[in-house]
Enquirer: 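My structure is below; once you've seen it, I'll send some questions.
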Amino acid sequence: MSEESDSLRTSPSAASLSENELQPPAEPPGYVCSLTEDLVTKAREELQEKPEWRLRDVQALRDMVRKECPNLSTSLDDAFLLRFLRARKFDYDRALQLLVSYHSCRRSWPEVFNNLKPSALKDVLASGFLTVLPHTDPRGCHILCMRPGTPRDGGQGPACPALRGMLVPHTLSPMPHLP
């Protein structure tokens with residue numbers, strides 16, 4: 001192989017450093033932990049999540065999905081699978097069961113799950129049917145209130161849009177089950 005083709009395969013910074021000077025990557029590029037130190041500690045205590053095992057656990061769940069549910073059309077992204085592991089305290093079998101149930105619900109109720117974004121729920125939030133209280137509870141959790149039969153909707157609460165509104169916070173938080 002020529003020197004020219006060899007230099008094209010390595011970056012100039014990597015080519016200019018000796019083997020002893022290269023720094024190993026902290027984590028593979030797929031997942032970057034965004035938890036605060038307090039949440040990392042809480043996850044370790046309550047969920048048995050160990051940062052040093054996190055990617056191994058995600059890979060184990062990914063392998064189970066490929067082996068046991070090869071026809072399941074799902075994201076195998078680290079952050080996505082990590083949500084199911086956290087929700088089931090890193091029990092692989094229960095996390096897989098939850099993932100399958102999640103997709104079953106999405107297929108059964110497309111009117112609830114399709115286009116599940118805060119911008120798609122402006123009417124529900126504006127109606128006053130769902131509201132988030134201005135203060136959190138003692139643990140720091142936000143409090144979502146439903147007010148069925150508000151005067152603005154003529155006494156008929158929008159059930160499907162309300163359910164969608166309750167699901168949005170869970171789609172935005174990396175650890176919806178921990179405050």
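Below, each value reflects all heavy atoms present in this structure, side chains not excepted, and no hydrogens, waters or symmetry copies.
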Enquirer: Same cluster or not: are Leu82 and Phe80 linked, directly or through other Ile, Leu, Val, Met, Phe, Trp or Tyr residues, by side-chain heavy atoms under 4.5 angstrom apart?
Expert: yes
Enquirer: Spell out, yes or no, whether Phe84 and Leu72 are grouped together once hydrophobic residues are joined by side-chain heavy atoms under 4.5 Å, including indirect joins.
Expert: yes
Enquirer: Taking only residues two or more places apart in sequence, or in another chain, which ones meet Glu52 in a salt bridge (Lys or Arg N to Asp or Glu O under 4.0 Å)?
Expert: Arg44
Enquirer: Could you report the tightest heavy-atom contact between Phe90 and Leu47, atom names first, then the distance?
Expert: CD1-O, 3.5 Å
Enquirer: Test side chain to side chain contact (heavy atoms under 4.5 Å, CB included) on Arg54 and Arg86 and set out the steps.
Expert: CA-CA 10 Å; Arg54 186 182 293 129; Arg86 285 175 172 155; 4.0 Å; yes
Enquirer: How does the hydrophobic cluster around Ile143 look, that is, which other residues are in it when side-chain heavy atoms under 4.5 Å mark a link?
Expert: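 Cluster partners of Ile143: Leu133.
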Enquirer: Which value, rounded to the nearest 0.5 Å, describes the distance between Thr41 atom OG1 and Glu49 atom CD?
Expert: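 It comes to 11.0 Å.
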Enquirer: Got a sec, which residues hit side-chain contact (heavy atoms from CB on, under 4.5 Å) with Thr36, two or more places apart in sequence or on another chain?
Expert: Asp38, Leu39
Enquirer: What pairs of donor and acceptor atoms, side-chain ones from residues 99-106 against any protein atom, are under 3.5 angstrom apart with sequence neighbours left out?
Expert:
{"unit_1": "Ser101", "atom_1": "OG", "unit_2": "Gln97", "atom_2": "O", "d": "3.1"}
{"unit_1": "Tyr102", "atom_1": "OH", "unit_2": "Arg106", "atom_2": "NH1", "d": "3.2"}
{"unit_1": "His103", "atom_1": "NE2", "unit_2": "Thr74", "atom_2": "OG1", "d": "2.7"}

Enquirer: What distance do Leu85 atom CG and Leu96 atom CG have between them, rounded to the nearest 0.5 Å?
Expert: 10.0 Å
Enquirer: Which heavy atom of Val40 sits nearest a heavy atom of Pro51, and at what distance?
Expert: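 Where Val40 meets Pro51 most closely, the heavy atoms are CG1-CG, 3.8 Å.
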Enquirer: Specify the closest pair of heavy atoms between Ser75 and Leu81, including all atoms of both residues, with the distance to one decimal.
Expert: O-CD2, 3.8 Å
Enquirer: Quick check for you: to the nearest 0.5 Å, what is the distance between Asp91 atom CG and Asp57 atom CG?
Expert: 11.0 Å
Enquirer: Would you give me the side-chain donor-acceptor pairs under 3.5 Å for residues 63-70, sequence neighbours excluded?
Expert:
{"unit_1": "Asp63", "atom_1": "OD1", "unit_2": "Gln59", "atom_2": "NE2", "d": "2.7"}

